[in-house]
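Each chain gets a letter, A, B and so on, in the order its sequence line appears, and its residues count up from 1.
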Amino acid sequence: MAISKTYNPKEVEEKWYANWQQKGFFRSKPNPKKEPYTVVIPPPNVTGVLHMGHMLNNTIQDILVRRARMQGKEACWVPGTDHASIATEARVVAMLKEKGINKADISREEFLTHAWEWKEKYGGIILEQLKKLGASCDWDRTRFTMEESLTEAVLQVFVDLYRKGNIYRGIRMVNWDPAGKTALSDEEVIHKQVNSKLYHINYQIAGEEGNYLTVATTRPETILGDTAICINPNDARYQHLKGKQALVPLINRPIPIIFDEYVDMEFGTGCLKVTPAHDLNDYELGQRHNLPSIDILNDDGTLNSKAQLYVGEDRFIVRKKIAKELEANGQLVKTEDITNNVGFSERTDAVIEPKLSMQWFLRMEKLRDPALSSVMEDQIKLHPPKFKNMYRSWMDNIRDWCISRQLWWGQRIPAYYLPDGSFVVAHNLEEALALAKEQTGNTDLTTADLRQDEDVLDTWFSSWLWPISVFDGFKDPDNADIQYYYPTNDLVTAPEILFFWVARMIMAGLEYRKEVPFKNVYLTGIVRDKLGRKMSKSLGNSPDPLNLIEQYGADGVRTGMLFSSPAGNDLLFDEKLCEQGRNFSNKIWNAYRLIKGWEVNEDLENPNELAIKWFDSKFNAAFEQIEDHFSKFRMSDALMAVYKLVWDDFCSYYLEMIKPAYQSPIDKKTLDATIAFLESILKLLHPFMPFITEEIWQDIKERSDKDYLIIAKWPKADVVDTILLERMEKAMDIVGGIRNVRNSKNIPQTKALSLAIKTQEHSILKPFEALIQKLANITGITYVEENQEGSINFVIGGSEFFIPMEGTVDLEAEKDRLIKELEYTKGFLASVDKKLSNERFVNGAPAQVLEKEWQKKADAEAKIKALEQSIAAFD
RNA sequence: GGGGUGUUAGCUCAGCUGGUUCAGAGCACCUGCCUUACAAGCAGGGGGUCACUGGUUCGAAUCCAGUACGCCCCA
């Protein structure tokens with residue numbers, strides 16, 4: 001039989017994924033006999049392609065889901081995508097542009113037709129990619145935030161919250177994205193330190209030719225929108241300007257000089273130009289001092305007619321031009337280089353323009369309180385818990401949520417304006433008309449008189465309903481799915497969206513189901529490159545995930561990602577991790593190859609009872625640990641524990657212990673036990689490495705049609721014989737001692753040695769003789785009373801071990817080695833004695849600790865005695 | 001500037017309420033091995049003043065305070 005020496009993931013992965021799907025193992029429906037286990041996917045953007053963050057995130061979800069499925073729960077992982085209004089709209093606009101179509105020239109309906117076409121064509125890519133990773137989602141349940149049912153949910157919630165008085169319309173300073181031509185929420189703005197110039201500009205004092213004050217600004221183009229100069233009332237330098245006016249350069253518009261403690265006397269010149277329409281702080285200042293706001297910018301970032309100058313030109317071009325012009329007429333005093341914080345659009349990377357505009361807002365205070373306490377009181381647990389503090393501080397400082405976006409791709413706000421400028425909010429046009437008639441008393445109104453709001457809702461306004469809407473919990477609040485699957489169990493997501501997604505889902509869940517939407521939130525880190533830089537397209541430092549899967553196999557990549565990603569910590573990704581994952585696959589593969597290759601001889605006795613007993617205990621001990629890691633969401637640690645169990649305990653020790661000589665048959669009992677162990681191991685490995693494990697599971701023996709690892713029963717905790725584990729450890733220490741001697745003396749493993757033991761623990765060691773002989777290639781073990789001449793010896797515990805050497809042994813070197821060890825042990829004993837002679841320690845320490853100290857003392861004394869005897873034998 | 005969080009081996013991290021040989025793991029590194037499951041491997045090994053300073057304690061990587069540096073969030 002020819003099984004390849006290395007594991008080839010490719011066909012295996014395609015084969016089993018198709019098979020699992022065809023058998024319907026991913027599908028879930030409510031089953032009252034089983035405990036539900038539900039996960040909703042953080043919906044990736046429809047525009048998205050799989051990146052390393054998705055890989056990590058979805059691997060973790062898949063591990064949780066597969067384990068739950070094997071634990072006999074009704075596991076349901078709901079996949080889907082969100083419509084990502086800004087990103088998608090930008091993508092569609094760009095696509096149309098390439099075709100020579102300008103968005104401004106087509107109607108909303110035409111645009112949406114194009115957008116839907118685009119979505120149908122490209123929107124599913126990311127989900128297809130997830131399949132390559134092995135994600136065991138219930139694909140029949142795939143949802144999309146803009147599909148009909150989810151849209152209905154959004155509108156229903158909007159109307160409901162409006163009627164409860166939680167949604168209002170207001171003029172606010174918003175973050176305006178001039179490239180996307182829409183308002184953004186605070187969370188969609190990324191602040192970066194950039195190098196800028198600080199322009200010092202002279203403003204003439206009105207009526208005082210030749211008298212100037214100087215302001216410092218990074219944005220000279222906004223002077224055209226200035227409506228005041230502000231000075232700190234405590235600033236001695238400028239007291240003479242009280243009650244005067246200044247002239248805006250170039251246009252000579254007079255503006256008042258006002259005084260307010262807001263101004264930082266240290267910054268710039270201490271004179272602040274106030275542009276209420278284009279800066280949040282200036283806006284608030286303007287409110288306090290009743291200043292007018294002059295909005296000089298168009299939505300696309302060009303200047304409008306109110307600026308008077310440079311109309312139609314872009315703000316950054318104007319900045320340069322205006323600086324030149326000011327310089328030419330002598331009003332530019334100087335420029336200096338500074339670094340300052342500038343906001344950029346998360347989606348388009350355009351510089352954000354603070355802008356006054358009419359927007360829709362959702363009031364947060366009422367929704368906030370229960371959502372805050374559900375986390376603080378651990379109804380929802382964050383993993384790792386350090387995020388609790390962050391959550392609280394954000395919730396404490398929460399501000400109203402700007403939910404309108406000036407886009408077409410999204411759910412259109414269900415507000416309908418009447419000819420008189422008032423509006424109604426309704427689920428649909430008919431209802432709006434009825435309301436309008438009622439509100440105005442005008443029964444002649446027709447639908448033609450109503451004009452629906454042009455804006456759409458923020459994408460998060462759909463996503464925050466996700467755990468409910470994917471089960472149609474708004475349309476049909478009592479349906480079987482929502483009753484069974486909600487609340488979901490675990491949510492796996494990134495900390496950067498803890499607030500604007502996770503927190504809002506909690507609010508929506510509590511508001512609409514009176515129940516938290518999930519019980520645990522596992523926060524993954526950010527995947528960075530090995531230099532610690534965030535992976536990004538522009539840096540080109542992100543590997544192509546599908547390419548990685550191609551190279552290392554999905555199992556290899558999954559384990560690679562997990563090897564180094566404790567919850568909440570960033571993952572410094574290095575392809576070497578995937579290599580390690582692939583190597584692990586190969587190790588498993590070869591263990592299987594070894595076992596598969598054995599022939600049984602039914603007549604043979606089982607010589608491996610001890611080894612089998614030992615591994616059984618070892619497995620159970622490891623299993624206990626692994627379960628503990630899982631219960632704390634320590635996935636990396638769980639994987640590492642499995643890794644060591646497989647590699648060290650199963651392969652390096654157990655298989656070596658039971659392995660028959662080359663081409664010799666094995667007895668039936670050992671083989672059966674070994675296959676059973678392999679199966680148990682495969683179970684523990686399956687959530688991490690679904691493909692290779694299913695392949696081996698199916699191949700190691702005949703299976704029935706329904707016998708698949710993916711649905712096999714997760715192991716149960718069983719008895720651990722700790723005494724046996726301890727004794728085996730001691731026996732393996734002896735093996736280690738012998739191997740050490742071989743290494744230091746350059747004796748190859750193939751050369752058999754003999755061993756003499758001087759010990760009080762004869763009866764304990766005796767049962768392990770065969771194992772020691774096999775693993776250390778020892779031909780015979782004898783027990784002796786006297787030290788052995790011409791041997792190399794070592795001490796473990798209170799026992800001495802002698803390996804007779806051919807030829808001469810370097811006596812001096814051996815003696816020195818032993819003396820060193822003796823010294824160390826004596827030092828150790830001294831420290832223990834010191835503790836034990838300390839009255840306060842003896843009185844203060846718990847009995848357990850004391851007992852251990854006495855044990856240490858006894859062990860050290862025994863070892864010292866043995867060492868001293870060995871050393872004495874040299875003389 | 002405010003808040004959070006962290007600093008343990010070359011790298012990534014464990015180390016729970018102070019007390020086992022507690023200074024650990026994986027990777028990397030070094031040495032020797034192509035020993036018929038696996039060189040994508042086997043066997044062995046070296047490596048850290050637990051950021052710094054002080055305090056509490058019989059006892060501190062662990063608790064407290066301060067300092068330095070880093071990261072995150074907010075302004």
**Report entry** Of all pairs that satisfy salt bridge (charged side-chain N to carboxylate O under 4.0 Å, His left out), the ones with a partner from residues 578-587 of chain A, not counting sequence neighbours
**Finding:** none

Using whole Å, report how far [atom1] of [X] lies from [atom2] of [N].
X	N	atom1	atom2	value
A:Leu594	B:rG41	CG	P	16 Å
A:Leu577	B:rA25	CG	C1'	15 Å
A:Asn8	B:rC38	CG	C1'	14 Å
A:Tyr7	B:rA39	OH	P	18 Å
A:Asn746	B:rG45	CG	P	15 Å
A:Asn590	B:rA39	CG	C1'	11 Å
A:Arg593	B:rG41	CZ	P	13 Å
A:Glu726	B:rU20	CD	C1'	12 Å

Report yes if at least one side-chain N or O of [X] is closer than 4.0 Å to OP1 or OP2 of [N]; otherwise report no.
X	N	value
A:Arg739	B:rC33	no
A:Asn583	B:rC38	no
A:Lys659	B:rU36	no
A:Ser585	B:rA40	no

Who are the ring-ring contact (aromatic ring centres under 6.0 Å, His included) partners of [X], not counting sequence neighbours?
X	value
A:Trp854	none
A:Trp598	none
A:Phe768	none
A:Phe691	A:Trp20

Query raised in the report: Which part of the nucleic acid, if any, lies within reach of A:Thr750 when heavy atoms closer than 4.0 Å are counted: base, sugar-phosphate only, or nothing?
Result: sugar-phosphate

Report task. Would you mind classifying the nucleic acid contact of A:Asn740 as base, sugar-phosphate or nothing, using non-hydrogen atoms under 4.0 angstrom? Result -> sugar-phosphate

Rounding to the closest angstrom, what is the interatomic distance between [N] and [M] at atom [atom1]?
N	M	atom1	result
B:rU5	B:rC11	P	25 Å
B:rC27	B:rA43	P	12 Å
B:rC50	B:rU31	C1'	29 Å
B:rG70	B:rC52	C1'	15 Å
B:rA68	B:rA28	C1'	29 Å
B:rG4	B:rC16	P	22 Å
B:rA61	B:rU17	P	15 Å
B:rC73	B:rA40	C1'	43 Å

Query raised in the report: Is it true that A:Tyr643 and A:Phe563 have ring centroids separated by less than 6.0 Å?
Result: yes

Could I get a table of every N or O pair under 3.5 Å where one atom is in the protein and the other is in nucleotides 5-10 of chain B?
from  : atom 1 : to       : atom 2 : distance (Å)
B:rU5 : OP1    : A:Asn389 : ND2    : 2.7

Sub-3.5 Å pairs of nitrogen or oxygen atoms, protein against nucleotides 15-17 of chain B:
from   : atom 1 : to       : atom 2 : distance (Å)
B:rG15 : OP1    : A:Arg634 : NH1    : 3.2
B:rG15 : OP1    : A:Arg634 : NH2    : 3.1

Can you name the side chain to side chain donor-acceptor pair (under 3.5 Å) partners of [X], sequence neighbours left out?
X	result
A:Lys381	none
A:Glu13	none
A:Lys10	A:Glu550

Report task. Verify side-chain contact (heavy atoms from CB on, under 4.5 Å) between A:Leu775 and A:Arg739, making sure each step is shown before the conclusion. Result -> CA-CA 9 Å; A:Leu775 265 57; A:Arg739 285 172 172 173; 4.1 Å; yes

Report task. Could you walk me through whether A:Glu695 and A:Tyr7 pass side-chain hydrogen bond (donor to acceptor under 3.5 Å, both in side chains), step by step? Result -> CA-CA 11 Å; A:Glu695 171 75 5; A:Tyr7 168 64; over 6 Å; no

Do [X] and [N] share a donor-acceptor pair, side chain to base, under 3.5 Å?
X	N	answer
A:Glu656	B:rA37	yes
A:Lys587	B:rC38	yes
A:Arg582	B:rA40	yes

Query - side chain to side chain contact (heavy atoms under 4.5 Å, CB included) partner of A:Trp589, chosen from A:Ile3, A:Thr6, A:Asn8 - result: A:Ile3

Report task. Please check if atom CD in A:Glu624 has more than 12 non-hydrogen atoms from other residues, nucleotides or ligands closer than 6.0 Å. Result -> no

Query raised in the report: Got a sec: does the NZ of A:Lys857 have more than 12 other heavy atoms crowding it under 6.0 Å?
Result: yes

Requested in this report: Let me know, please, whether A:Asn743 or A:Cys651 comes out on the 5' side of the other along RNA chain B by nearest nucleotide.
Outcome: A:Cys651

Picking from [options], which would you name as closest to the side chain of [X]?
X	options	answer
A:Arg528	B:rC72, B:rG44, B:rC38	B:rC72
A:Phe499	B:rG26, B:rA37, B:rC73	B:rC73
A:Ser652	B:rC38, B:rU12, B:rC42	B:rC42

Report summary line: Rounded to the nearest 0.5 Å, the CZ atom of A:Phe633 sits from the CE atom of A:Met635 at a distance of 7.5 Å

Query raised in the report: Are the side chain of A:Asn590 and the backbone of A:Lys5 linked by a donor-acceptor contact shorter than 3.5 Å?
Result: yes

Report summary line: Note on RNA chain B: ranges paired as stems (three or more Watson-Crick/G-U pairs in a row, both atom distances under 3.5 Å) are B:1-7 with B:68-74, B:10-13 with B:24-27, B:29-33 with B:41-45, B:51-55 with B:63-67

Query - Interface with RNA chain B, restricted to residues 641-649 of chain A and to heavy atoms under 4.0 Å - result: A:Tyr643, A:Lys644, A:Trp647

Requested in this report: Kindly indicate whether the side chain of A:Leu645, heavy atoms from C-beta on, has any atom under 4.5 Å from the side chain of A:Tyr654.
Outcome: no

